[in-house]
Amino acid sequence: MDNEIRVVIADDQEGMRLILRKMIDKAQGFTICAEADSGDKVPALVEQYKPHVCFLDVEMPGMTGIECAKAIQDMDPHTIIVFATAHEGYMAQAFEMYAFDYMVKPFKMERVMKTLERIREVVLGRQAAQQPVGGTVTAVAKARTAPSGRIMLHHKEGVNFVSQSDILLVQRENRSTVLYATGGRRFETSEALGDVEERLDPRIFFRCHKSYIINLNVIDSITPYGRWTYVVHLVGTDQDALITHEKYEELERMFS
C-alpha cells in the first residue's frame, strides 16, 4: 500500500537480520521490501525499491555501512539511515552521514520501537505535507550564470533562463543535481552540487547540507529530524531540505 513505510535491512549476519525483521514486523505500517547480506548490494536495492528507511550494519563485506550511506544520500537524501551495529566506535562517522539513529547490538525491543515511531512521524508528516504541483517542467541542463543574476540552462529541447530569485531549492537526486523553481518548474543537470553552488549568489543561497542548497528568502519553518539534523520547510514548493545541527547554528547566527 502507498502509505506503508518501505524498509531495507543490510547486515552480513542472518541472525541479526532475523531479529530486526521480527521487531519491525511488530510495528504497524512498515514493510520490509528487501534484505542484503553485504554492503555492495544495497545501492541496487535502494534504486529498485526506493525505501523510506535503511537499517545498516557498519562492518559488512563489500561496501561498509558508512559507504552505503554516502551512496544512498547521492540517490535520495531523504532516505532515513539507521545504523544497527555492534560497534560503538563508528558513531561519529555515522552522524557525519546525517544518520537518523545509531543503535548498538544487542537491541532492546523498546529502543527499536521508539525509533520506528519517530520514523513513522517523520515519513507520514512529510507525506501529509506533499501536494501535487501542476505544470512541472523537467529539463536535463547545464548551468551558466550571467551578470544579470540569471542562470542559463541548456537542454535537448533548447535553453531556459531562470532568475536566481526564482530558484527555491537545489538538491542531489538520483545521482543528479536538481533545481526546483517557482511555478512548479524542475530542472535537472549532470553537474555536481558544488559546481552549481559556485554560480549562485551567496547572499541568497545557503548550503545547509551536503545534499542541499536552499534559498534563504523562502524558508518557512524548521523542525527536528534525527539526533543532529533538522528539516527545512520552504514556501512555494512541497519539497523540503535537511539541515545539519552545525549549519542550523550558523543559520541562527545569520538571522540574529
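Across every non-hydrogen atom of Tyr212 and Ala241, the tightest pair is CD2-CB, 3.5 Å. Across all their heavy atoms, Ala69 and Leu56 have their closest contact at N-CD1, 4.1 Å. The shortest heavy-atom contact between Cys208 and Ile214 is SG-CG2, 3.9 Å. Nearest heavy-atom pair, Glu191 versus Asp195, reported as atom, atom and distance to 0.1 Å: OE1-CB, 3.6 Å. Considering every non-hydrogen atom in both Phe30 and Leu116, the closest pair reads CZ-O, 3.2 Å. Smallest separation of non-hydrogen atoms from Cys54 and Ile72: SG-CD1, 3.9 Å.
Gln171 and Ser211 share no donor-acceptor pair across their side chains, judged by distance under 3.5 Å alone. When only modelled atom types and interatomic distance are considered, Glu173 and Tyr180 share a side-chain donor-acceptor pair under 3.5 Å. Residues His233 and Thr223 bring a donor and an acceptor atom of their side chains to less than 3.5 Å of each other. For the 3.5 Å distance criterion, the side chains of Arg172 and Ser176 fail to qualify, holding no donor opposite an acceptor. Between the side chains of Asp40 and Ser38, at least one donor N or O lies within less than 3.5 Å of an accepting N or O. With 3.5 Å as the limit, one finds a donor-acceptor pair spanning the side chains of His78 and Asp240.
Residues Val112 and Leu18 do not share a hydrophobic cluster, clusters being chains of Ile/Leu/Val/Met/Phe/Trp/Tyr side chains in contact below 4.5 Å. The hydrophobic cluster containing Tyr49 does not contain Met63, counting ILVMFWY residues as joined when their side-chain heavy atoms lie under 4.5 angstrom apart, directly or transitively. Met60 and Val104 end up in different hydrophobic clusters when Ile, Leu, Val, Met, Phe, Trp and Tyr side chains are linked at under 4.5 Å. A continuous path of Ile, Leu, Val, Met, Phe, Trp and Tyr side chains, each step under 4.5 Å between heavy atoms, connects Tyr90 with Val42, placing both in one hydrophobic cluster. When hydrophobic clusters are built by joining Ile, Leu, Val, Met, Phe, Trp and Tyr residues whose side-chain heavy atoms come closer than 4.5 Å, directly or via intermediates, Ile243 is grouped together with Leu169.
Between Leu200 and Ile151 the shortest side-chain heavy-atom distance falls below 4.5 Å. Between Glu59 and His87 there is a side-chain heavy-atom pair separated by less than 4.5 Å. Contact of the Val82 side chain with the Met103 side chain is registered, since non-hydrogen atoms from C-beta on lie closer than 4.5 Å. A 4.5 Å side-chain heavy-atom check between Leu45 and Glu35 finds every atom pair outside the cut-off. No side-chain heavy atom of Thr79 sits less than 4.5 Å from a side-chain heavy atom of Met75. Contact annotation: the side chain of Val162 approaches that of Ile167 to within less than 4.5 Å [non-hydrogen atoms, C-beta and beyond]. For the pair Ile219/Leu251, a side-chain contact is recorded, criterion being any heavy-atom separation below 4.5 Å from C-beta on. Between Gln48 and Cys33, every side-chain heavy-atom pair lies at or beyond the 4.5 Å cut-off.
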(message) Test side chain to side chain contact (heavy atoms under 4.5 Å, CB included) on Val53 and Val123; report intermediate values, then the result.
(response) CA-CA 9 Å; Val53 55; Val123 173; over 6 Å; no
(message) Please evaluate residues Phe206 and Glu250 with respect to the criterion side chain to side chain contact (heavy atoms under 4.5 Å, CB included), reporting the C-alpha separation (whole Å), side-chain torsions for both, the decisive distance (0.1 Å), and the verdict.
(response) CA-CA 10 Å; Phe206 182 66; Glu250 183 178 339; 3.5 Å; yes
(request) Evaluate the side chain to side chain contact (heavy atoms under 4.5 Å, CB included) criterion for residues Tyr230 and Lys247: first the C-alpha distance (whole Å), next the side-chain angles of each, then the deciding distance (0.1 Å), finally the verdict. (result) CA-CA 10 Å; Tyr230 305 86; Lys247 289 293 186 177; over 6 Å; no
(request) Could you walk me through whether Tyr248 and Val232 pass the side chain to side chain contact (heavy atoms under 4.5 Å, CB included) test, one step at a time? (result) CA-CA 10 Å; Tyr248 175 77; Val232 183; over 6 Å; no
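At least one donor-acceptor pair under 3.5 Å links the side chain of His52 to the backbone N or O of Arg6. At distances below 3.5 Å, at least one donor-acceptor pair connects side-chain atoms of Arg120 with backbone N or O atoms of Gln28. Side-chain atoms of Arg186 do not come within 3.5 Å of backbone N or O of Glu188 as any donor-acceptor pair. Between the side chain of Arg21 and the backbone N or O of Ile24, no donor-acceptor pair lies under 3.5 Å. At distances below 3.5 Å, not a single donor-acceptor pair connects side-chain atoms of Gln73 with backbone N or O atoms of Lys70.
Taking the charged nitrogens against the carboxylate oxygens, Arg118 and Asp101 do have a contact shorter than 4.0 Å, which makes a salt bridge. Under a 4.0 Å N-O distance rule, the pair Asp76/Arg175 does not qualify as a salt bridge. A salt bridge links Lys105 with Asp11: the distance from a Lys NZ or Arg NE/NH1/NH2 to an Asp or Glu carboxylate oxygen falls below 4.0 Å.
Listed by first and then second residue, the ring-ring contact (aromatic ring centres under 6.0 Å, His included) pairs involving residues 99-125 are Phe100-Tyr225 (not counting sequence neighbours).
Atom-to-atom distance recorded for Leu234:CG and Ser221:OG is 9.0 Å, nearest 0.5 angstrom. Between atom CD1 of residue Ile213 and atom CG of residue Leu168 there is a gap of 13.5 Å, rounded to the nearest 0.5 Å. Atom CZ of Phe205 is separated from atom CG of Asn217 by 8.5 Å, given to the nearest 0.5 angstrom. Taking CD1 from Ile222 and CG from Leu242, the interatomic distance works out to 11.5 Å, rounded to the nearest 0.5 Å. Here the straight-line distance linking atom CZ of Arg185 with atom OG1 of Thr237 works out to 12.0 Å at 0.5 Å rounding. Here CD of Glu117 is found 11.5 Å from NZ of Lys114. Values are rounded to the nearest 0.5 Å.
The 12-atom threshold is exceeded at CD of Glu252, counting heavy atoms of other residues, nucleotides or ligands nearer than 6.0 Å.
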